[in-house]
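Order of the sequence lines sets the chain letters (A, B, ...), proteins ahead of strands, with each chain counted from 1. Basis for what follows: all heavy atoms, side chains included, without hydrogens, waters or symmetry-related copies.
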Amino acid sequence: MEVISHCAEAIILRDGDNVVKRRLPKRYRIRELDEMIRRQRTKSEAKLIVEARKAGVPTPVIKDLSDFEIVMEYIDGRPLKEVMSEELVRKAGELVAKLHERNIIHGDLTTTNILVRGDRIYLIDFGLGYFDEDVESKAVDLHVFFQTLESTEIKAEELKKSFLEGYKRYKGWKAVVEREKEIRKRVRYA
Amino acid sequence: MRDIKIDSPVESVDIRNSSRSELILGIEGTAWNLSVGIVSEEEVISFAESAYLPKSGGIHPREAAQHHAEKIVDVLREALKKMKEKGFSEEDIRGVAFSIGPGLGQSLRIVATAARSLALKWRVSLIGVNHCIAHIEVGRWMCGTEDPIVLYLSGANSQVLGYMAGRYRIFGETLDIGLGNALDKFARSVGLKHPGGPEIERLAQKSSRYIELPYTVKGMDFAFSGILSAAKKLAEKYPLEDVCYSLQETVFAMCTEVAERALAHTQKDELLLVGGVGMNKRLQKMLKDMCEDRGARFYTPPPEYTKDNGVMIAYTGLLMMRSGCTIPIEKSRVNPDFRPDEVEVKWK
Ligand SMILES: Nc1ncnc2c1ncn2[C@@H]1O[C@H](COP(=O)(O)OP(=O)(O)O)[C@@H](O)[C@H]1O
Ligand SMILES: [Mg+2]
C-alpha cells in the first residue's frame with residue numbers, strides 16, 4: 001500500500017479502489033487515553049461522513065470501520081486548492097450550506113479537504129467535525145475557509161463572494177456571515 | 001495610595017562608566033504575585049517579590065490589591081537595594097515598565113500608580129507592557145529560542161500563540177476558564193491547599209490508574225470547565241490520587257495536542273512553554289515527548305521566570321522602549337482585558 005498522506009494525527013494509505021485512514025498512537029499520552037481518543041474520533045468521523053452524504057453532500061463511501069481505521073472509497077480527484085475557480089468555490093458554498101442546514105460542523109474546512117472529481121465536489125476529513133446548531137461554530141467553519149483563501153489565493157475576495165453565493169442556500173446564512181465578521185475582528189487563527 | 005519613598009539606606013558604590021548599559025525597572029502585579037525586576041540588555045540585575053496567598057478560597061481581587069498596595073514600597077526598596085549592591089544607581093534606570101493588562105483591575109491600578117510616580121520622579125520613560133507578551137519575551141530571552149509556538153498556561157489565561165506578520169497571533173485558547181484556575185478550583189473542592197496545581201501534581205505521582213474524563217478539544221481551542229465538574233464528581237467515589245492522575249493526564253494531553261497542531265499548521269519547529277502551570281513536570285514531559293517525535297525543540301524557562309515575575313515586564317519594557325513603544329502618563333490607563341494580539345510587535 002502506498003502512503004498518500006502523513007500528518008500529525010493520521011496516515012492515509014492507498015489500497016486499490018480504497019484508502020485507509022489510520023489514526024496514529026501518540027507517545028506523549030497514556031495508552032488508555034490515547035486509544036479512547038483515537039477510537040472516538042475514528043467513529044465520529046465515519047458517522048459524520050455518512051450523515052453528510054445523507055444531507056446530499058458527496059463524501060467517500062465508507063467500506064469498513066474498525067477501532068482506529070476507516071476504509072473508504074478512493075476519490076480520484078484533485079484538491080480544490082489546485083483547481084480553484086469561482087464556479088467550483090460556489091458549489092463548495094452550496095455543500096457547506098447543506099451541512100450547516102443539518103447542524104453538521106466540518107471543523108477543518110480548508111481547500112485541501114475538498115476534492116474535485118470531474119464536476120463533482122467531495123468533502124473529506126471530518127476528523128474535527130461535530131454536531132452543533134450554534135451560529136458560532138458555523139461561523140468558525142466559514143472563517144477557517146476564508147482564512148485559507150486569503151493565505152493562498154490572489155483573488156481571495158472574488159472567491160469569497162462566489163462561495164457566499166452558494167452558501168446563501170442555507171436559510172440561516174445571514175447570522176453566520178455576520179458572526180464571521182465579528183470573529184475576524186477578534187483576529188484569531190491567523 | 002501612599003507616597004512612594006524608596007530611598008534605600010544602602011549607599012551606592014560609584015563604579016559607573018560610560019559603556020555601562022541602561023537599566024529598566026519592571027513591576028508585575030496582574031494577579032497574586034507582586035514582583036519587581038531590574039534588567040539590563042545582558043542580564044537580570046535584581047529581582048524581589050511578595051506573593052499574596054488567600055487565607056481561604058481562591059484569589060479575592062480586593063485582598064490581592066490590598067496586598068499589593070501594602071507591599072509595593074518594600075518590594076521596590078528591596079529590588080533597588082539589590083541593584084545598588086551590584087554597583088548601579090537609580091540614575092542608570094532609563095525606563096519604568098509595568099503590567100498594564102490583562103489582569104485584575106484593582107491590582108493593575110496599584111501597580112500603574114506606582115510605575116507612574118517612579119517615572120515622574122526619575123524623569124524617565126513609562127512603558128505599559130502586555131502581561132502575556134512579557135511571558136513570551138522573557139521565555140525567548142532565557143531559552144534563546146527564535147520563533148517558537150508558545151503554549152501559555154497560567155491561572156486565568158490559556159493560549160497557543162505564534163508570531164506571524166507583526167503580531168503574536170492566538171491560534172487557540174480556552175473557551176471557558178484558564179487551566180490554572182480549573183486545577184485550583186478542583187484542588188479546593190477536595191480540600192487541598194492553595195495553590196492547588198503542585199498538590200495535584202504530587203498526588204498524581206502516586207497513581208497510574210486512569211478514570212475516563214471528558215476530552216474537550218475543538219480544533220485548536222480547548223475547554224476545561226466540563227472536565228472540572230466531572231473530576232469533582234469522580235472525587236466523591238474514587239481515591240483522590242487516581243482522580244488527580246486522570247485529571248492531569250487528560251488536560252495536559254489536550255494542551256499537547258493543540259500545541260502539536262499549531263506546530264504542524266505553522267511549520268515552526270520550536271515550542272516554548274510559559275505561565276505558572278508550565279512548572280508542572282508531567283506537562284513538560286508530554287510536550288518534550290511530542291516535540292522529540294516530530295523533530296521539534298522544546299523549551300521552558302527556569303521556574304522563577306515561568307510564573308508571573310517582574311523581570312519579564314522589565315525585559316519586555318526594554319525591548320519596547322528601544323522600538324519607541326513608550327506611553328505618556330495620560331495614556332497609561334490599565335486594560336484588564338488586554339489581548340496579546342492587540343499589540344503591534346515592533347521589536348522583532
Ligand atoms: N477518500 C480519499 N480519496 C482520495 N484521497 C484522499 C481520501 N482521503 C484522504 N485523501 C488524501 O489524503 C489527505 C489527508 O487526508 P485527511 O482525511 O484530510 O486527513 P488529515 O487529517 O491527515 O488531513 C487528503 O488531503 C487527501 O489528499
Ligand atoms: Mg486534511
**Request:** For the residue pair A:Y28 and B:E260, establish whether any side-chain heavy-atom pair is separated by less than 4.5 Å.
**Result:** yes

**Request:** Could you tell me whether A:K21 atom NZ has more than 12 heavy atoms of other residues or ligands within 6.0 Å of it?
**Result:** yes

**Message:** Using a 4.5 angstrom heavy-atom cutoff, name the option from B:S246, B:S208, B:A253, B:A165 with the most pairs to chain A.
**Reply:** B:A253

**Fill in**
Taking every heavy atom of B:T250 against every heavy atom of A:L33, the minimum-distance pair comes out as CA-CD2, 4.0 Å

**Request:** With rounding to the nearest 0.5 Å, note down the distance linking CG in A:D108 to CZ in B:R261.
**Result:** 8.0 Å

**Complete:** Cut-off 4.5 Å, heavy atoms of chain A, and the answer for B:Y245 is side chain

**Message:** So for atom CD, which belongs to A:E133, do other residues, nucleotides or ligands contribute more than 12 heavy atoms lying within a distance under 6.0 Å?
**Reply:** no

**Prompt:** Quick one: what part of A:I105 sits under 4.5 Å from any heavy atom of chain B, side chain, backbone, both or neither?
**Reply:** neither

**Request:** Tell me, for A:I30 versus chain B, whether the close heavy atoms (under 4.5 Å) come from the side chain, the backbone, both or neither.
**Result:** both

**Prompt:** What part of B:Y210 gets closer than 4.5 Å to chain A, counting heavy atoms only: side chain, backbone, both or neither?
**Reply:** both

**Side-chain ion pair, A:K26 and B:E257, N-O less than 4.0 Å** = no

**Item:** chain A contact via B:E249 - side chain, backbone, both or neither, heavy atoms under 4.5 Å
**Value:** both

**Request:** Sort B:L213 into side chain, backbone, both or neither according to what part of it lies under 4.5 angstrom from a heavy atom of chain A.
**Result:** backbone

**Prompt:** Top residue by heavy-atom pair count (under 4.5 Å) with chain B, among A:R29, A:Q40, A:E32, A:R41?
**Reply:** A:R41

**Prompt:** Which value, rounded to the nearest 0.5 Å, describes the distance between B:M164 atom CE and A:S151 atom OG?
**Reply:** 8.5 Å

**Asked** Can you tell me if CD on B:E146 sees more than 12 non-hydrogen neighbours from other groups inside 6.0 Å?
**Response** no

**Prompt:** Quick check: are there more than 12 heavy atoms from other residues, nucleotides or ligands sitting under 6.0 Å from NZ of B:K268?
**Reply:** yes

**Message:** Are more than 12 heavy atoms, taken from residues, nucleotides or ligands other than A:K174, located less than 6.0 Å from that residue's NZ atom?
**Reply:** no

**Request:** Answer yes or no: does atom CZ of B:R333 have more than 12 heavy-atom neighbours from other residues, nucleotides or ligands under 6.0 Å?
**Result:** no

